[in-house]
There are 2 protein chains.
Amino acid sequence: MVTGDASYIKKINRALIIREIMKEGKISRADLSKITALTRATISAQVADLLEEELVVETELEHNPVGRKPIMLSLNAQAGYALGIDLDAGHATFMLSDLTGHPVTTEIIPIQSEAYEDIVQLLASAIRRYQSRCAGSRYGMVGIVLAIHGLVSNEETIKFVPRFQWQDVDLKQDLERAVGTAVHLENNANLSAFAERAYAHHTTDNLLCVTLYSGIGLGMIMDGKFFRGHEGFAGEIGHMIVVPGGEPCACGNRGCWEKYASETSVLRNILAAEPGDASDMEWINRRIAEGDEQVHDALNQFVYYLSIGLNNVINMYNPDVVVIDSELLRMIPDALQRIHHQLHSQISHYREITLSGMGRKSCVMGACALAISRFLNVPVLSLPSGDDLAD
Amino acid sequence: MVTGDASYIKKINRALIIREIMKEGKISRADLSKITALTRATISAQVADLLEEELVVETELEHNPVGRKPIMLSLNAQAGYALGIDLDAGHATFMLSDLTGHPVTTEIIPIQSEAYEDIVQLLASAIRRYQSRCAGSRYGMVGIVLAIHGLVSNEETIKFVPRFQWQDVDLKQDLERAVGTAVHLENNANLSAFAERAYAHHTTDNLLCVTLYSGIGLGMIMDGKFFRGHEGFAGEIGHMIVVPGGEPCACGNRGCWEKYASETSVLRNILAAEPGDASDMEWINRRIAEGDEQVHDALNQFVYYLSIGLNNVINMYNPDVVVIDSELLRMIPDALQRIHHQLHSQISHYREITLSGMGRKSCVMGACALAISRFLNVPVLSLPSGDDLAD
DNA sequence: ATATTTTGTAAGTTTAATAAACAAATTAAA
DNA sequence: TTTAATTTGTTTATTAAACTTACAAAATAT
């Protein structure tokens with residue numbers, strides 16, 4: 001049972017302070033006091049702890065029009081590092097970031113064998129390599145988050161991964177035994193949503209991220225938290241039935257959305273006529289430019305069914321921001337306008353629908369961000385995007 | 001910005017204590033200490049406050065096998081009263097309950113005029129009547145919650161009510177001005193869900209309540225809290241598209257679920273052939289008993305489309321318990337078994353689907369329960385059901 | 001040089017928890 | 001019948017972390 005005591009208060013306020021320091025990049029004690037409504041004395045005491053822990057550093061003095069110059073505080077980005085891993089089909093992507101979420105290295109390792117044990121070994125040896133690489137810093141490796149393209153339970157066990165045909169495996173435990181430290185598992189779409197919130201959409205607490213690749217995934221940040229459902233399986237929108245009695249699906253039903261609006265299904269439709277090509281996306285791009293009738297029709301249908309599903313999702317969740325992550329959609333001119341045009345119900349409410357600016361990277365970036373969020377105990381993070389950094 | 005201080009701790013622990021007292025009915029300080037993990041000293045101090053405020057009373061002494069007899073504590077049910085109002089089509093239902101959620105009176109007032117001002121007056125005069133009736137008790141009327149069969153925003157303004165064709169009206173403000181005290185508005189399906197959680201399903205924090213009447217509503221308690229979405233409009237599942245290009249709906253789309261699985265639509269289908277009858281439900285019940293082919297087919301289709309929608313809802317929310325509130329469904333033999341049979345996807349996860357044991361009353365009961373929950377500052381309530389009381 | 005403003009720290013107070021000891025009330029055992 | 005054991009509830013002292021108030025430091029404006 002969760003009860004309150006003094007240390008609980010301290011944690012709450014500490015998280016608040018770290019959150020603001022990260023959001024602002026650099027900020028004085030006085031301004032922290034103004035923003036959080038905590039007294040300057042309280043801020044000073046908390047900051048003293050953070051300085052001693054080397055999580056925060058005092059940087060330069062700012063120039064004010066009048067009065068004493070404030071001492072600016074920043075997160076000590078190099079105090080530790082977070083490792084995000086995207087375990088995708090055919091390859092695993094590793095991203096190491098500093099504590100501000102800034103990527104240090106990115107590496108893609110092909111997955112040759114799909115045997116479970118081999119994959120555990122591949123991941124474990126890479127993790128150990130990264131761990132020794134970070135060992136010099138104050139906190140070393142502060143967290144490891146692994147993106148799973150499948151169902152992950154609230155207890156972080158894997159319920160089902162279509163690509164590898166894994167069912168009820170405890171990858172977390174197996175990896176932790178192999179590397180000797182905590183590893184966290186999270187659904188890929190959830191991590192993409194987390195990344196969109198952390199790196200791009202700082203002002204919303206209600207964001208959905210729809211990922212359209214081999215299947216359709218839905219990552220949800222609602223009320224500033226992951227929306228997971230009772231067991232962790234919420235957001236399985238790919239298997240929402242949109243065509244009663246429609247195409248049979250591996251899940252056991254007919255007419256699942258995935259069969260009509262995932263990239264795989266659209267590509268299959270298009271390539272059914274034409275003989276298969278190696279670089280599918282390139283090929284489609286050329287056909288669009290050429291004005292190919294058949295491709296045009298297929299993409300029209302794609303947008304049509306995509307809009308139907310989006311209508312349903314929006315009605316159910318009433319999100320603030322919907323981010324769509326799809327390479328295929330990006331190639332269709334005016335795709336967003338066409339979707340907006342289809343969402344004409346009196347009932348659907350949302351503020352913004354956009355295409356992801358991060359694309360496939362969002363998944364590993366979200367994994368790093370989540371590792372940082374866990375380490376610092378700050379649930380709602382705001383990290384500088386690449387654009388901010390360029391300033 | 002929400003910061004922590006000492007009084008915040010006290011509130012947390014106080015809510016915890018009240019919650020346990022209500023859940024257990026009567027309990028000693030020592031047992032409260034064991035359950036909450038707060039020390040006996042802390043419990044004593046908090047209980048002293050509650051006794052002084054007359055929210056809690058010391059009742060009899062319990063008999064123990066050994067040791068000093070504990071003093072049992074109970075909620076002072078008559079310290080105040082909650083008023084729930086269900087503003088439905090054609091009539092308003094008023095329920096007055098004590099602080100344990102036990103109904104004191106229920107009253108149904110027909111709505112003659114559907115003009116906004118008249119309805120405000122009707123509600124206001126009834127509220128004043130109930131207020132003076134409670135004036136004798138320690139806290140009098142502790143809260144008033146009004147169930148709205150339509151879209152209610154997070155700011156408790158009405159976005160849309162189909163029945164009265166209200167759009168963007170501030171009923172809360174108008175009523176509060178008329179009666180001089182706070183009034184709270186909440187969507188009817190949310191209140192039904194709250195009632196199911198508070199009165200019946202005490203052990204779950206993830207409950208969905210699907211109400212099938214004129215339209216289809218979805219009330220959601222997820223993670224122990226209402227799930228409202230960004231503006232408060234989440235759960236509009238009636239306008240989920242399940243038949244692309246299907247029947248046109250007033251919302252502007254085609255093929256909305258409501259057109260296939262609401263009681264209204266099913267009744268319309270059945271009665272289209274047969275000339276309209278006053279007591280529709282009775283009539284249908286007789287036809288089912290007679291084995292009428294046409295009614296049988298229509299109900300089969302109802303169950304079919306209902307299951308499709310439930311599949312979609314379950315995939316999206318991964319609830320623990322789903323409660324369906326439908327008079328029509330109750331009349332169909334083996335309805336639940338047939339629904340279970342249709343939900344055969346590998347992906348759908350839920351623990352339990354049941355028919356509501358409260359039926360239409362759930363809405364006002366939820367309104368009373370919510371008023372109590374707000375007054376006592378206890379978000380997750382457990383109230384005795386009628387069955388418990390009979391013990 | 002002095003007043004004003006802003007920042008950050010220090011000393012003392014308040015709140016609400018915890019810990020430890022104790023009083024009260026009961027049954028079981030000597 | 002007295003004593004030991006057990007459980008309940010209260011009292012006193014301690015602790016943590018906030019808050020208030022006062023003040024020193026550092027800057028600009030007069």
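Note on naming: letters A, B, ... go to the chains in the order of the sequence lines (proteins, then strands), and numbering restarts at 1 for each one.
- Straight-line distance from the NZ atom of A:Lys10 to the C1' atom of D:dT15: 13 Å, rounded to whole Å.
- Whole-Å rounding puts the A:Arg40 CZ to D:dA18 C1' distance at 16 Å.
- Side-chain contact check for A:Ile372 versus A:Met22: some heavy-atom pair is nearer than 4.5 Å.
- Proximity note for B:Ala41 (side chain, C-beta onward) versus C:dT18, D:dA22, C:dA16: the nearest is C:dT18.
- In terms of position along DNA chain C, the nucleotide closest to A:Val66 lies nearer the 5' end than the nucleotide closest to the other residue of the pair A:Glu58 and A:Val66.
- Counting any heavy atom pair closer than 4.0 Å across all strands shown, B:Lys11 reaches no nucleic acid atom.
- Using a 30° and 60° split on the angle between ring planes, A:Phe227 and B:Phe227 fall in the tilted class, from 30° to 60°.
- You'll find that the side chain of A:Ser44 is closest to C:dT9, out of D:dA18, C:dT9, D:dT10.
- Spacing between atom CE of A:Met72 and atom C1' of C:dT6 amounts to 14 Å, rounded to whole angstrom units.
- Dashed line: the shortest gap from a side-chain N or O of A:Lys69 to OP1 or OP2 of D:dT28 is not under 4.0 Å.
- Looking at heavy-atom distances under 4.0 Å, A:Arg29 makes contact with sugar-phosphate atoms alone, never a base.
- Between B:Glu20 and B:Lys34 there is no salt bridge, since no side-chain nitrogen of the basic residue lies less than 4.0 Å from a carboxylate oxygen of the acidic one.
- The CG-C1' distance, from A:Asp5 to C:dT15, rounds to 13 Å in whole Å.
- In terms of position on DNA chain D, the residue among A:Thr39 and A:Gly67 whose nearest nucleotide sits closer to the 5' end is A:Thr39.
- Side chain of B:Ala6, nearest nucleotide from C:dT15, D:dT6, D:dG9: C:dT15.
- For A:Arg19 and A:Glu24, the salt-bridge test fails: no basic side-chain N is under 4.0 Å from an acidic carboxylate O.
- For the pair A:Asn13 and D:dA17, the criterion of a side-chain N or O lying under 4.0 Å from OP1 or OP2 is not met.
- Counting to the nearest Å, the C1' atom of D:dA17 and the CG atom of A:Leu50 are 15 Å from each other.
- Atom CD1 in B:Ile9 sits roughly 18 Å away from atom P in C:dT14 (whole-Å rounding).
- For the pair A:Gln46 and D:dA18, the criterion of a side-chain N or O lying under 4.0 Å from OP1 or OP2 is met.
- At a cut-off of 3.5 angstrom, counting only N and O atoms as typed in the model, there is no donor on one side facing an acceptor on the other between the side-chain of B:Arg68 and the base of D:dT7.
- Between B:Thr42 and C:dA17, a side-chain N or O to OP1/OP2 separation shorter than 4.0 Å is absent.
- Residue A:Ser7 places none of its side-chain N or O atoms closer than 4.0 Å to OP1 or OP2 of D:dA16.
- Put simply, CG on A:Leu51 is 13 Å from C1' on C:dG8, counting in whole angstrom units.
- With no hydrogens or angles considered, no side-chain donor-acceptor pair links A:Thr204 and A:Asn206 at under 3.5 Å.
- Residue contacts shown for B:Ile71 are limited to sugar-phosphate atoms, with no base heavy atom under 4.0 Å away.
- In this structure, the CG atom of A:Leu73 is 12 Å from the C1' atom of C:dT7, given to the nearest Å.
- Side chain of B:Ser153 to main chain of B:Glu231: no donor-acceptor pair is present (N/O by atom type, distance under 3.5 Å, no hydrogens or angles).
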